[in-house]
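Atoms within each ligand, like the ligands themselves, are counted from 1 in listed order.
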Amino acid sequence: MTWRRDDAHRIWIGGVSVAELVETFGTPLYVMDYATVVDRLGRYQAALAACDPPGLPYYAGKAFLCRALAGLLEERGVGLDVVSGGELATALAGGFDPRRILFHGNVKTRDEIAYGLAQGVGLWAVDSLDELALLDQMAGAAGVKAAIVLRLTPGIEAHTHAFIRTGQFDTKFGLAMAAGIAEGAVDAALAAPHLDLVGYHAHIGSQILEVEPFLANLERLLGFARDQYQRLGFWPEVLDVGGGLGVRYTPEDDPPPLEVVVEGMRELLRQWTPPDRSPPRLYMEPGRSVVAEAGVTLYRVGAIKTVPSGRRYLAVDGGMGDNIRPALYQAPYRAEVDGKVGEAVAATLAGRYCESGDILIAEQQWPADVAVGDVVAVLGTGAYNYTMASNYNRVPRPPVVAVREGQARVWVEGERWEDLYRLDRPWEPW
Ligand SMILES: *Cc1c(COP(=O)(O)O)cnc(C)c1O
C-alpha cells in the first residue's frame, strides 16, 4: 500500500494528499491505490506463469469490479471470474476479453447462461447436476461446446468465519467429493455432448491466513483426479484452486506470501501427476488479496459522545451502507486520523446508519485530540466494500477514486440524491 504520513502527520495515498482528495471528492470516499492492485496482479501472474505448464490468476470480480478495473485487468492479461450477468456485462463494457472469463455461481439463470454463451465466455464452473444438464442443453441449442470445470467440495474446514467458509461438505456450493457425488458429476460431464470437461475446481473459503489449507485442498483435488484417471482414464488439463488468501486488516493478521502458497502447490502438482501425463494448469482465483489492501475509505467525524458506561463513540458520515463487513462478519479494521497521531483514547468507530449494529471498528486507540471535522481513513477496504454497498437509509453510494503517482481519477462516480429515486414511479392516486 503506497500510503504514508508527512512531517505534519498528513496522510498521502498514491502520492495524493487525503486533504486534497476530500476537498475534491467529499466524504465518504473510496480510494483505490493503483500501484497496489498492479503489484498483486503481477505477483500472482509471475508465480503462476513460472509453473509448467504456465497457470493463470482469474481475479474474482465479486471483490471489486467496475469498468475501469476490467480495463486494467484486460491490459494486464489476467483472467476474470464473474458470478452474474451484471458482472459479465460490466467486464465486457470495460473491454475485457470473454475468452478469459470464468463464469461461477451456484445459480446461474437461463438468461445469464444464454448471455454468457452468446458472448463466448471461455470457461464455466458447474456447481450442480441440474446446472450441468441445463448448460449442456443450452450450449447445444446455441450450437457451441462449453468448456467446464466441476466445482467440487473437498471436505476441508478452513479456519475462517463460518459465513466465508465453503470447503466443508455441508455447504450450498459445489459437488461433494464424498458418497460418489463428484464421481457421478464426472460421468455426467463426460457423457454430455455439448460440454467439454477440462478439469476441477475447489474454493475453500476466504481470509485464510495459513498455507496448509490451500495445500490440503490441492491434494484433495489431485487425489480425486488420480482416482478418476484410474477409473476412466480422464486426466484434467486444469485444476482451479479458488481464492481465499487472507490480507492484513489489522497488525495481528499475518498472511503468508502468495509465492509461498504457489511454490507449495507446484511441488504437489509434480508429486501427484502420473508419469505418463503432464501436470494440470494451475488456476487461482484471488479477489481479496488483490484489492483489499489497495483500498482506503475516507470519512469525516460528525459527532463524538461518551456514554454513561464511559465508552466513547466517534461517529462518521458513512458506515454499513459502504462497508457491511463488520456488521456481517465482525470483520476487524483499523483506522488512521489525517493530521493526528497517538494512541491516547479508546473509542468505537460508529457509522451514520439507523442500526445499533452499524459499527465500523468495535474499539481502537485514537489520538488524544481527535475532533469533530477530522478525516478518518479506514484501511484495507478495497475488497467486498463497494461491491456489497447498499442504499440503506437512502444514502448515496460514495464515488471510487483511483490514485497513482500524484494523480487521482474517478473510476466510479458517486450517486446523487436524485439517483436514489431515478427508478421510482411517482404516486398515482389509487
Ligand atoms: C469468493 C470467491 C473467490 C475469491 O475469494 P477471495 O477470498 O476474495 O480471494 C474465488 N473463487 C470463488 C469460487 C469464490 O466464491
Side-chain angles (χ1 to χ4, degrees), residues 36-37 40-41 43-45 47-48 55-65 69 73 78-84 87-88 91 100-108 121 123-128 131 148-154 156 158-168 171-175 199-211 213-214 217-218 221 238-249 253 255-258 261-262 265 282-295 323-325 328-329 331 380-388:
T36 304
V37 175
R40 300 300 142 80
L41 287 174
R43 285 172 54 192
Y44 270 107
Q45 249 177 325
L48 288 165
L56 192 66
Y58 278 72
Y59 167 73
K62 72 177 188 212
F64 173 72
L65 190 64
L69 184 73
L73 296 166
V78 296
L80 175 62
D81 269 15
V82 302
V83 291
S84 69
E87 286 187 359
L88 176 55
R100 270 184 287 107
I101 290 182
L102 197 175
F103 205 137
H104 257 290
N106 68 314
V107 177
K108 304 173 186 77
V121 159
L123 189 58
W124 299 78
V126 169
D127 194 278
S128 65
E131 185 177 277
I148 66 163
V149 287
L150 289 174
R151 176 164 183 171
L152 307 178
T153 48
I156 288 172
H159 295 150
T160 188
H161 193 283
F163 292 1
I164 51 178
R165 206 185 282 155
T166 58
Q168 72 283 11
T171 168
K172 69 170 188 162
F173 295 108
L175 297 147
Y200 308 121
H201 165 280
H203 167 76
I204 50 173
S206 205
Q207 186 56 13
I208 296 166
L209 296 169
E210 305 148 286
V211 179
F214 292 106
N217 182 38
L218 180 58
L221 279 173
V238 166
L239 288 181
D240 179 342
V241 294
L245 185 60
V247 301
R248 198 178 287 265
Y249 284 115
D253 296 327
L258 65 96
V261 177
V262 175
M265 290 185 179
L282 186 61
Y283 289 175
M284 293 178 87
E285 303 174 333
R288 186 187 312 276
S289 55
V290 173
V291 289
E293 290 176 4
N323 184 357
I324 190 67
R325 297 189 65 256
L328 193 58
Y329 317 124
T381 58
Y384 306 104
N385 274 230
Y386 167 74
T387 52
M388 287 186 165

**Q** Checking the side chain of Y384 only, and the main-chain atoms of I324 only, is there a donor and an acceptor separated by less than 3.5 Å?
**A** no
**Q** Which of parallel (below 30°), tilted (30 to 60°) and perpendicular (above 60°) describes Y58 and Y283?
**A**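 If you compare the ring of Y58 with that of Y283, the planes turn out tilted.
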**Q** Would you name the heavy atoms of E87 and K62 that are closest together and state the gap between them?
**A** OE2-CA, 3.3 Å
**Q** Looking at H201 versus H104, is the centre-to-centre ring distance below 6.0 Å?
**A** yes
**Q** Just one of L221, D127, N217 clears the side-chain contact (heavy atoms from CB on, under 4.5 Å) bar with L152, so which one?
**A**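 The single option meeting the side-chain contact (heavy atoms from CB on, under 4.5 Å) with L152 is L221.
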**Q** Report every pair formed by an N or O atom of ligand 1 and a protein N or O atom separated by less than 3.5 Å, giving atom names and the distance to 0.1 Å.
**A**
| residue | atom | partner | partner atom | Å |
| --- | --- | --- | --- | --- |
| ligand 1 | 7 (O) | S206 | OG | 2.2 |
| ligand 1 | 7 (O) | G244 | N | 3.4 |
| ligand 1 | 8 (O) | R288 | N | 2.7 |
| ligand 1 | 8 (O) | Y384 | OH | 2.5 |
| ligand 1 | 9 (O) | G244 | N | 2.9 |
| ligand 1 | 9 (O) | G287 | N | 2.9 |
| ligand 1 | 11 (N) | E285 | OE1 | 2.6 |
| ligand 1 | 15 (O) | K62 | NZ | 2.6 |

**Q** Checking the side chain of E293 only, and the main-chain atoms of V247 only, is there a donor and an acceptor separated by less than 3.5 Å?
**A** no
